[in-house]
Chemist: 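Take this structure first; my questions come after.
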Amino acid sequence: MVLAYTIGHVSGGHINCAVTIGLMVAGVTGLVEGTVIIIGQTLGAIVGAACLAGVFNKSNDGTGSLGANALAPDFGAGNAFLGEVIMTFLLFSVIAETA
């Protein structure tokens, strides 16, 4: 949420693709502009992941995937999806009101 307040006035709050799509649906961002932003976000994610993979020592990676990209044994996919929906809604709400 701090990121939204920090850069929202500069970037329009396009922190991730979900926010960009939300701003497109809300009519704040046009289709062409939103598509270009999503392409830029995707390319930025790929470059960022490549940099991380190049810098991080794989022998120190306890997860085997440079992050915790798995659910806990007692945490279902439905729980994870609901958590993502709620947190994305909160992030988008902050951005929609500040950007």
Side-chain angles (χ1 to χ4, degrees):
M1 303 296 173
V2 173
L3 184 62
Y5 280 113
T6 305
I7 66 167
H9 68 286
V10 176
S11 70
H14 296 273
I15 293 174
N16 63 27
C17 294
V19 170
T20 302
I21 291 169
L23 292 172
M24 290 167 63
V25 170
V28 175
T29 301
L31 180 63
V32 173
E33 180 184 12
T35 303
V36 170
I37 291 170
I38 289 171
I39 291 169
Q41 290 167 334
T42 303
L43 293 174
I46 292 168
V47 170
C51 290
L52 181 62
V55 171
F56 196 83
N57 187 354
K58 190 170 181 160
S59 65
N60 293 332
D61 181 14
T63 65
S65 62
L66 292 177
N69 298 322
L71 298 175
D74 59 340
F75 202 77
N79 298 102
F81 181 76
L82 181 61
E84 286 287 335
V85 168
I86 291 170
M87 296 309 289
T88 300
F89 172 77
L90 291 173
L91 175 64
F92 180 74
S93 296
V94 169
I95 291 171
E97 294 300 322
T98 59

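Only heavy atoms go into these numbers, but all of them, side chains included; no hydrogens, no water, no symmetry mates.
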Chemist: When Ile, Leu, Val, Met, Phe, Trp and Tyr are grouped by side-chain heavy atoms lying under 4.5 Å apart, directly or through other members, which residues fall in the same group as I46?
Modeler: none
Chemist: Other members of the hydrophobic cluster containing I39, with the 4.5 Å side-chain heavy-atom rule, please.
Modeler: L43
Chemist: Without placing hydrogens or testing angles, list every side-chain donor-acceptor pair under 3.5 Å for residues 71-95, not counting sequence neighbours.
Modeler:
{"from": "N79", "atom 1": "OD1", "to": "G76", "atom 2": "N", "distance (Å)": "3.2"}
{"from": "T88", "atom 1": "OG1", "to": "E84", "atom 2": "O", "distance (Å)": "2.7"}
{"from": "S93", "atom 1": "OG", "to": "F89", "atom 2": "O", "distance (Å)": "2.8"}

Chemist: Sequence neighbours left out, what passes side chain to side chain donor-acceptor pair (under 3.5 Å) with Q41? Give chain and number order.
Modeler: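 Residues passing side chain to side chain donor-acceptor pair (under 3.5 Å) with Q41: T20.
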Chemist: May I ask you to list the residues sharing a hydrophobic cluster with L31, side-chain cutoff 4.5 Å, ordered by chain and number?
Modeler: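 Direct or chained contacts put L31 with I21, M24, V25, I38.
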Chemist: To the nearest 0.5 Å, what is the distance between OG1 on T42 and CG on N16?
Modeler: 10.5 Å
